[in-house]
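Take this structure, written in C-alpha cells, and hold onto it; I'll ask about it next.
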Number of protein chains: 2
Amino acid sequence: MTISEVSKKYNLTQDTIRYYEKIGLLPKVPRSKNGIRDFDEEACNWIEFIKCMRNAGMEIEILIKYVNLFRQGESTVKERRQLLEEQKSKLLEKQKSINETLDRLNYKIKLYDEIEAGTRKDFTEKI
Amino acid sequence: MTISEVSKKYNLTQDTIRYYEKIGLLPKVPRSKNGIRDFDEEACNWIEFIKCMRNAGMEIEILIKYVNLFRQGESTVKERRQLLEEQKSKLLEKQKSINETLDRLNYKIKLYDEIEAGTRKDFTEKI
DNA sequence: TATTGACTTAGAGCGAACTCTAGGTGTTAT
DNA sequence: ATAACACCTAGAGTTCGCTCTAAGTCAATA
C-alpha cells in the first residue's frame, strides 16, 4: 500500500504519516527497493492504533514510549500495562470534564430557549 | 479579590488570567484606583466559566466570540444559543472518540493481564 | 526525449495556548 | 529611607503537533 492510499484510508495527510514514522511512532514501515514506503497490514494497524489514541488526545511522547516498549518485546508487558492504565485514568478525567461541560451547555441552551420563548422575562443569566 | 487570590482559587496562573483578559476573554475586570485588578463576583464567574469550557477543550477563539456576543446584550441570544449548540456537538464527538479509545485500552489491558497470568500463551497481540 | 506525477528527504514555518522576561509602579515592613 | 513584595505592561519565547518548502529520484506517458 502506498502512502497516498494509506492517507486516504485513514484520513491522515501524507505529511502526518511521514512525520509519525520519522519520530518513531511507526515501527518498521516496509520499503520497496527504490526506497518507497509500502505499508503492510501491521504498519496499517499501527497507523490505525495511533490515530485512535491521538483522536482521544493522547500525547505523542507517551505513544512513542509505548511503541518503544513494544519493540523491546514481551519483557515489557508489565510496563506497557502500567502505561496504558495511566492513560486510561487520564481519559476518564477528560471524560468527566467533558460531561461537566456538557451539563453546563445544556443548562445554558435551555435558558436561552426560555428567554427566546418569553417564558423567562428576568434576563438574569448567571454566566 | 486580587489576581493572586483568583489564581489560587481557580488554579490558573496569574499569567494565564492576564492573558485571558488581554485577548478579550474576560469582560470588564474591575481595577482599583492604581490600576490593580480587583475581581468581583461576575469576573470570577467568567473565569470559572472559561476554565470549565477550556478544560473540555473548547477553543479560545470560540470563547472570545461568545464573550463578544454576550457583551452585545439580549439581541444576540439566538446566535449564542447556536454557538453553544455547535460546541455541544463537538463535545459529543469528542466524548465518542474517548469512549472508543477507552474500550480499546480496556481490551489491551485485559490482554496484558492474561499474558502476565499465563492464561494466554500465544503472544499474538494484534496492536 | 522531455515532461508529468508520485514519491523521497531535511529542515523551516505555523497556529494555538500559554509562559516568561524585562522594566516599571506602588504599598508595606524594618 | 530603604528594601521587599505584589502588582503592572509589552512583547519575546516555548511547546506541541503538525504542515509546508525546496530540492531531488524514479517510472510512465506524449
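Numbered from 1 within each chain, the chains take letters A, B, ... in sequence-line order.
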Can you tell me if NZ on B:Lys51 sees more than 12 non-hydrogen neighbours from other groups inside 6.0 Å?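 Yes, because the 6.0 Å sphere around NZ of B:Lys51 holds more than 12 heavy atoms from other groups.
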
Does C:dC7 have OP1 or OP2 sitting under 4.0 Å from an N or O in the side chain of A:Ser4?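 Indeed, a polar side-chain atom of A:Ser4 lies that close.
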
In whole Å, what is the span from the CD atom of A:Gln14 to the P atom of C:dT9?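 Going from A:Gln14 (CD) to C:dT9 (P), I get 12 Å.
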
Quickly work out the B:Ile64 CD1 to C:dA17 P distance and round it to whole Å.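 The distance from CD1 of B:Ile64 to P of C:dA17 comes to 9 Å, rounded to the nearest Å.
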
Send over the distance from A:Ile36 CD1 to D:dA28 C1', rounded to a whole Å.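 Taking CD1 of A:Ile36 and C1' of D:dA28, I get 12 Å after rounding.
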
For a quick check under 3.5 Å, do A:Thr13 and A:Thr16 share a side-chain donor-acceptor pair by atom type?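 Yes.
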
By nearest atom, which of the nucleotides C:dT8, C:dA17, D:dC8 is closest to the A:Ile3 side chain?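 Looking only at heavy atoms from C-beta outward on A:Ile3, the closest nucleotide is C:dT8.
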
Can you tell me if A:Thr16 touches the phosphate of D:dT19, counting only side-chain N or O atoms and a distance under 4.0 Å to OP1 or OP2?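 True: A:Thr16 side-chain N/O within range (under 4.0 Å) of D:dT19 OP1/OP2.
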
Nucleotide C:dC7, atom P - distance to NZ of A:Lys33 in whole Å: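 These atoms are roughly 15 Å apart.
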
How many Å lie between CG on A:Asp15 and C1' on C:dG13, as a whole number?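 The answer, rounded to whole Å, is 12 Å.
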
Counting only side-chain N and O atoms of A:Tyr20, is one of them less than 4.0 Å from OP1 or OP2 of D:dG17?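 A:Tyr20 to D:dG17 OP1/OP2: no side-chain N or O under 4.0 Å.
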
Could you tell me how far apart B:Leu63 (CG) and C:dC18 (P) are, to the nearest whole angstrom?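 Those two atoms, CG and P, are 10 Å apart.
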
With nearest nucleotide decided by heavy atoms, which residue, A:Lys22 or B:Lys22, maps closer to the 5′ end of DNA chain C?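 Residue closer to the 5' terminus by nearest nucleotide: A:Lys22.
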
Could you work out which one of C:dA16, D:dG17, C:dC7 sits closest to the side chain of A:Arg54?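 That would be D:dG17.
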
Among D:dC18, C:dA17, D:dC7, which nucleotide has an atom closest to any side-chain atom of A:Ile60?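 It is D:dC18.
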
Please tell me if B:Arg37 has a side-chain N or O lying less than 4.0 Å from either OP1 or OP2 of D:dA6.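 Answer is no, no contact under 4.0 Å.
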
Tell me: CD1 of B:Ile23 to P of D:dT9, nearest whole Å?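 Going from CD1 in B:Ile23 over to P in D:dT9 covers 15 Å.
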
Does a side-chain N or O of A:Arg18 approach OP1 or OP2 of D:dC20 to a distance below 4.0 Å, or not?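 Negative; the distance criterion is not met.
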
Can you measure A:Tyr10 atom OH to D:dC18 atom C1' for me and round it to whole angstrom units?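 Between C1' of D:dC18 and OH of A:Tyr10: 20 Å.
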
Are A:Lys108 and B:Phe49 in a cation-pi contact, defined as NZ or CZ under 6.0 Å from the six-membered ring centre and within 45° of the axis?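 The answer is yes, since A:Lys108 meets both limits relative to B:Phe49.
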
Distance check: side-chain N/O of A:Asn34 vs OP1/OP2 of C:dC7, anything under 4.0 Å?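 The answer is no; no side-chain N or O of A:Asn34 sits under 4.0 Å from OP1 or OP2.
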
Could you walk me through whether B:Arg54 and B:Glu59 pass the salt bridge (charged side-chain N to carboxylate O under 4.0 Å, His left out) test, one step at a time? CA-CA 7 Å; B:Arg54 288 291 305 128; B:Glu59 283 171 30; over 6 Å; no

Please determine whether a side-chain nitrogen or oxygen atom of B:Arg31 lies at a distance below 4.0 Å from atom OP1 or OP2 of C:dG26.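 For C:dG26, neither OP1 nor OP2 has a side-chain N or O of B:Arg31 closer than 4.0 Å.
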
Please tell me whether B:Tyr112 and A:Arg80 have a donor and an acceptor in their side chains that are separated by less than 3.5 angstrom.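 Distance-only check passes for B:Tyr112 and A:Arg80.
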
